[in-house]
Amino acid sequence: MKLFNPDAAAEKLLRRFAGGTSRRGMLARLGGALVAAPVFPLLPVSRAGAAKPDRSPEAKTAFARKAQTVDDTKCDYWRYCAIDGALCSCCGGGIHTCPPGAESSPVSWVGTCMNPEDGKAYMIAYRDCCGKPMCTQCMCDNQDRETPLYVPQLNNNIIWCFGTQSMEYHCSTAVMVGPA
């Protein structure tokens with residue numbers, strides 16, 4: 001009735017394994033595996049799918065479908081996909097310059113906006129201009145691809161006047177950093 005004894009089979013297997021290996025050999029293999037493990041993420045990976053992002057009209061966000069490239073004083077201007085506040089282009093400044101008397105914040109939040117003319121995505125750095133009373137013209141609250149507040153550097157709900165002489169918010173600029 002005892003055709004197969006699992007204890008005897010396990011003992012036989014372990015004795016055969018122990019007879020063919022040494023402690024030094026096992027430590028050498030284990031050490032080699034530990035040294036080689038951090039290199040695995042550096043091995044080449046096929047990124048063919050990531051090379052061409054989907055830019056079809058169906059893949060575009062609601063903001064990207066209606067964005068325009070002509071009037072930078074309107075909230076649907078393509079660079080304003082993640083802006084929240086008054087546009088400096090309406091408040092005496094420009095799309096990337098603060099109005100006279102206002103100071104640009106040294107910190108910014110970022111967004112990735114698609115230019116409808118060339119169909120390419122660009123990284124935009126949004127900077128608050130500080131030191132003057134708040135401009136009430138051209139208020140925008142675009143939240144295209146906005147990240148929740150637990151990632152503050154990508155969120156537009158913070159007054160970014162840190163590091164300026166005054167924490168008083170005036171308006172926001174949209175500086176193109178480069179292709180995304």
Give a yes/no on whether the SG-to-SG distance for C129 versus C171 is below 2.5 Å. no
Which pair of non-hydrogen atoms, one from Q68 and one from V70, has the smallest distance, and what is that distance? OE1-N, 2.7 Å
Going by atom types alone, do E117 and T69 pair a side-chain donor with an acceptor below 3.5 Å? yes
Check step by step if side chain to side chain contact (heavy atoms under 4.5 Å, CB included) holds for E11 and R16. CA-CA 9 Å; E11 182 182 353; R16 187 175 294 153; over 6 Å; no
Ring centroid separation W78 to F63 under 6.0 Å: no
Mind checking ring-ring contact (aromatic ring centres under 6.0 Å, His included) for Y77 and listing every partner two or more places apart, or none if nothing turns up? Y80
Does the SG of C135 lie under 2.5 Å from the SG of C91? yes
Worked verdict on R127 versus S104 for side chain to side chain contact (heavy atoms under 4.5 Å, CB included): CA-CA 7 Å; R127 290 215 161 119; S104 179; 3.6 Å; yes
Qualifying residues under ring-ring contact (aromatic ring centres under 6.0 Å, His included), relative to Y169, sequence neighbours excluded: none
Cys pair C98, C88: SG separation below 2.5 Å: no
Mind checking whether W109 and V175 sit in one hydrophobic cluster, side chains of I, L, V, M, F, W, Y counted as touching below 4.5 Å? no
Would you say the side chains of D128 and S172 form a donor-acceptor pair under 3.5 Å? yes
Enclosure of K12 NZ (heavy-atom neighbours >12, cutoff 6.0 Å): no
Correct closest heavy-atom pair for T164 and S105 would be CG2-CA, 3.8 Å
